[in-house]
Enquirer: 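I have a structure here, written as structure tokens, and I will follow up with some questions on it.
As the structure is a prediction and not an experimental result, all values here were calculated from the model.
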Amino acid sequence: MAPLQITTTLLGIGLAAVILLLVRRDHLYLLHGLFWILVAGAAAVLGVWPGLIDRLAVVVGISYPPALLLLVAVVIVLVKTLHTDIVNTRVERDVRRLNQRLAILEADNTALQENRLG
């Protein structure tokens, strides 16, 4: 195995170990951790079989194999960013609704207290 293959494989395995540790300690949500485990696994697989990207590039019709790797990485980052924006939008909407409900409950509570005193 070439030093680059060993380095890539070890980085993939190391990243997977760190992700599992973060999930275990509840610093990373399980579904997000699974995504990053897949990324680490892909890095490890490409480290063990570097010719795989060359074969995939030939099948897809790309003459420069690193371009395929870069294209796949960019698409994955874009999909992950879109998913993150969707989740953030959902959380912001839920927080806004909870704030509105809390304001209504506080207004009702204040009105009840005024009725008791008044």
Side-chain angles (χ1 to χ4, degrees):
M1 232 188 217
L4 179 61
Q5 288 176 275
I6 295 170
T7 303
T8 306
T9 304
L10 291 177
L11 283 174
I13 293 170
L15 179 62
V18 168
I19 296 302
L20 288 174
L21 182 66
L22 289 172
V23 169
R24 184 171 179 241
R25 291 187 178 178
D26 207 24
H27 293 297
L28 185 61
Y29 186 58
L30 179 63
L31 292 178
H32 297 149
L34 289 175
F35 169 80
W36 289 112
I37 290 291
L38 289 174
V39 169
V45 166
L46 289 175
V48 173
W49 294 289
L52 183 62
I53 194 73
D54 296 333
R55 289 187 201 118
L56 288 174
V58 168
V59 169
V60 176
I62 296 177
S63 60
Y64 185 61
L68 174 63
L69 190 60
L70 184 61
L71 176 66
V72 169
V74 168
V75 168
I76 288 173
V77 167
L78 286 174
V79 169
K80 180 67 175 161
T81 303
L82 179 62
H83 179 262
T84 300
D85 284 346
I86 290 169
V87 169
N88 283 341
T89 301
R90 187 178 309 136
V91 168
E92 288 174 8
R93 182 190 63 225
D94 291 347
V95 167
R96 189 176 338 109
R97 287 179 181 169
L98 286 171
N99 282 334
Q100 291 168 349
R101 288 179 182 173
L102 179 63
I104 291 169
L105 287 172
E106 286 178 347
D108 288 346
N109 189 25
T110 302
L112 285 173
Q113 287 179 352
E114 288 175 358
N115 285 340
R116 286 183 191 167
L117 295 175

Enquirer: Which distance, rounded to the nearest 0.5 Å, do you find between the CH2 of W36 and the CG of L31?
Expert: 14.5 Å
Enquirer: How far does CZ of R90 sit from CG of D85, to the nearest 0.5 angstrom?
Expert: 12.0 Å
Enquirer: Taking all heavy atoms of Q5 and all of G47, pick out the closest pair and write down the distance.
Expert: CB-O, 3.2 Å
Enquirer: Testing the basics here: between A43 and G12, what is the closest heavy-atom pair and its distance to 0.1 Å?
Expert: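 Smallest interatomic distance, heavy atoms only, reads CB-CA, 4.1 Å.
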Enquirer: Should V18 and L21 be counted in the same cluster of Ile, Leu, Val, Met, Phe, Trp and Tyr side chains packed under 4.5 Å apart?
Expert: no
Enquirer: As a quick check of understanding, evaluate side-chain contact (heavy atoms from CB on, under 4.5 Å) for I37 and V23, giving each step before the final call.
Expert: CA-CA 10 Å; I37 290 291; V23 169; over 6 Å; no
Enquirer: Find out if a path of hydrophobic residues (ILVMFWY) with successive side-chain heavy-atom gaps under 4.5 Å connects L30 to L15.
Expert: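 Yes, L30 connects to L15 through the hydrophobic network.
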Enquirer: Can you name the nearest heavy-atom pair linking A40 to A16, along with the distance?
Expert: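 That would be CB-N, 3.6 Å.
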Enquirer: So which atom in G33 and which in L28 form the shortest heavy-atom distance, rounded to 0.1 Å?
Expert: CA-CD2, 3.7 Å
Enquirer: Is there a chain of hydrophobic side chains (I, L, V, M, F, W, Y, each step under 4.5 Å between heavy atoms) that links V39 to L52?
Expert: yes
Enquirer: Working to the nearest 0.5 Å, report the span between CD1 of I104 and CD of E106.
Expert: 11.0 Å
Enquirer: Quick check: are there more than 12 heavy atoms from other residues, nucleotides or ligands sitting under 6.0 Å from CZ of R25?
Expert: no
Enquirer: L69 versus L46: any side-chain heavy-atom pair under 4.5 Å?
Expert: yes
Enquirer: Please check if I76 and L68 belong to a single hydrophobic cluster, counting links between Ile, Leu, Val, Met, Phe, Trp and Tyr side chain heavy atoms closer than 4.5 Å.
Expert: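 I76 and L68: one cluster.
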Enquirer: In terms of hydrophobic clusters joined by side-chain contacts under 4.5 Å, are I62 and W49 together?
Expert: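 Cluster IDs for I62 and W49 match.
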Enquirer: Rounded to the nearest 0.5 Å, how far apart are CD of Q113 and CG of N109?
Expert: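 So the CD of Q113 and the CG of N109 are separated by 4.5 Å.
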Enquirer: Taking atom CG of N88 and atom OG1 of T81, what is their separation to the nearest 0.5 Å?
Expert: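 Those atoms lie 11.0 Å apart.
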Enquirer: CG/L98 to CZ/R96 distance, rounded to the nearest 0.5 angstrom?
Expert: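 The CG atom of L98 sits 11.0 Å away from the CZ atom of R96.
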